2 protein chains.
Amino acid sequence: MNVLEKIINSVNNFSKSERKVADVILANPQTTIHSSIASLAKLADVSEPTVNRFCRRLDTKGFPDFKLHLAQSLANGTPYVNRHVEEEDGPEAYTAKIFESTMAALDTARQRVDISAINRAVDVLTQAKKISFFGLGASASVAHDAQNKFFRFNVPVVCFDDIVMQRMSAINSCDGEVVVCISHTGRTKNLCDIAAIARENDATVIGITAYDSPLAKECTLVLSLDVPEDTDMYMPMASRVAQLVLIDILATGFTLRRGSKFRENLKKVKDSLRGSRFDKKDQIS
Amino acid sequence: MNVLEKIINSVNNFSKSERKVADVILANPQTTIHSSIASLAKLADVSEPTVNRFCRRLDTKGFPDFKLHLAQSLANGTPYVNRHVEEEDGPEAYTAKIFESTMAALDTARQRVDISAINRAVDVLTQAKKISFFGLGASASVAHDAQNKFFRFNVPVVCFDDIVMQRMSAINSCDGEVVVCISHTGRTKNLCDIAAIARENDATVIGITAYDSPLAKECTLVLSLDVPEDTDMYMPMASRVAQLVLIDILATGFTLRRGSKFRENLKKVKDSLRGSRFDKKDQIS
DNA sequence: AACAGTTCTGTAATTAAATTACATTATCTG
DNA sequence: CAGATAATGTAATTTAATTACAGAACTGTT
């Protein structure tokens, strides 16, 4: 465990003087790692051995060792945290915050994601006779992206962001086909209906949605993504990025399952773009 | 800069003995931070002052300070690194790798992004009479997403992923209108044409693309995103996520610029969805 | 090739820092 | 309120790191 957290957690086990030490350290950890035991003792208004004892209590070998641990805690202790954008934030502030919040969201998504569910989803997708991606609103662009990835795998892929088309497509689905429904909240009625219809027609329904949502209940297989979202902005941000990464993961799993020979196909798809692009060498033709 | 990288980079500036020290440290950095100057000197077969001089050359105050820096390097040195997916990776492996690579990409994007360019882009966008988002292929879904965000701001927003529509739209553009062209490589000929056409018609063209690309040259304002991409997969992954986050940042900048009263509008947009959703309380109505 | 100048490296002395041992004070318990 | 125990501080000790200096190795010049 991180020393900094350790200090916070075991604040009750400290004696009066040790607590003073803890306070000084927590108030300014960055300074602590560059100060001597003498100066820290003075700041905390305790004796030097007290500081030393404090370090020992935290299972470090002594003060220098403690500083080492503290330095490491500071380095990776609070790397990416979800920070809310404030009214008075300038461009640097909100840019940094959004990047960091997104990274924090991906980090929690990574920790919470159910790997075996991903594996099963990849299973299902590789065996699919046809894959459909459905999303509405913000999730529509994720569905779009998924189509852009999966169409490369020479499997029939469709993507609809229109309820009527989705509905028609769902009604016509059958056994062996896979329908992927994407919704952050999992509460969009229309999409739940579509999942239900697809399932009634024996299609396998994969839901990329919140665990325990109405949509999740309609799915054969749920890939849940519970990600902290800054609702102050009234726009889905982090959740969508997490969905996108999940799509990347599914696509990657797909290609790995198909083996190396298959990868050559992907290269061909990519190479086919060459004609539409400026060459790297003579940039402005 | 990270001390560990610093050692690697400045290996040529070292003297013979200093190099010995560097070798020992690089061979086992984790041990180094727990050893004394004496033991390290012995391992490297040099004198203690040599080790000290080595530390000073790396702009640290001395050996203990050096260890502190080293400890921090080791702690945050490999938080999220770009790791390539391998043929034999199982689901845990590739899932972790993709998450981490994406986070690493966001981290570099954050460091490289030009904040003043973002600020100018927000300026331009808030004053736009109309905003158009154009992207092709994988970037089309990013354009889609941008539309989904910006249409909330009661500004006319369009989004086309079709060259013909883009072209017609660009030709009809005029002063005061903003065209946002999205392309990871910035080498898609069609999109470069469209940027040029829009500019000829006095529209402001913002490019979300690679710095120094043909597309960048056609733009009024470039938001460059140079992100490491795992080309083994032959699919754009990290780059797209970075683009998406950039859109989030622009949208956020937009709402902040408009002030708090404007934010109420966003809430209304969000609330308008309520009718189409299952209530949180009685989930299955 | 020999010399002067420079840079590099090690030895020994010095200084600074951290730790230990012990004494003192505070706190708790019966 | 005494006795015991835990907590804290003082001073001594030890350990580690740094400095000062001297000798060695290398560089370029005549």
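Residue numbering restarts at 1 for every chain, and letters A, B, ... go by the order of the sequence lines. Predicted, not measured: the structure shown is a model, and the values here were computed from it.
OP1 or OP2 of D:dG9 lies within a sub-4.0 Å distance of a side-chain N or O belonging to A:Thr50. B:Ser15 has a side-chain polar atom (N or O) that falls below the 4.0 Å cut-off from OP1 or OP2 of C:dT9. Contact annotation: B:Ser17 reaches the phosphate of C:dT9 (side-chain N/O to OP1 or OP2, under 4.0 Å). For C:dT9, neither phosphate oxygen OP1 nor OP2 lies less than 4.0 angstrom from any side-chain nitrogen or oxygen of B:Lys20.
Ion pairing between a basic and an acidic side chain is recognised when a charged N comes within 4.0 Å of a carboxylate O; A:Lys149 and A:Asp145 show such pairing. Looking at A:Asp107 and A:Arg110, a side-chain N of the basic residue comes within less than 4.0 Å of a carboxylate O on the acidic one, giving a salt bridge. The pair B:Asp123-B:Arg120 does not count as a salt bridge, with every side-chain nitrogen at least 4.0 angstrom from each carboxylate oxygen.
To the nearest angstrom, C1' of C:dT27 lies 16 Å from CZ of A:Arg19. Straight-line distance from the CG atom of B:Leu40 to the P atom of D:dA17: 10 Å, rounded to whole Å. B:Phe14 has its CZ atom 20 Å from the P atom of D:dC26, to the nearest Å. In this structure, B:Phe54 places its CZ atom 15 Å from P of C:dC8, rounding to the nearest Å. Residue A:Lys16 contributes atom NZ, which lies 21 Å from atom P of D:dT5 at whole-angstrom precision.
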Exercise. Can you give one letter per nucleotide of nucleotides 14-22 of chain C, 5' to 3': B if a protein heavy atom sits under 4.0 Å from the base, S if only from the sugar-phosphate, - if neither?
Worked result: ----SSB--
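At distances below 3.5 Å, at least one donor-acceptor pair connects side-chain atoms of B:Lys67 with backbone N or O atoms of B:Ser35.
B:Thr60 and B:Cys55 make their closest contact through OG1-O, 2.7 Å (heavy atoms, listed as atom of the first residue, atom of the second, distance).
B:His34 and A:His69 have tilted rings, their planes meeting at an angle from 30° to 60° on a 0 to 90° scale.
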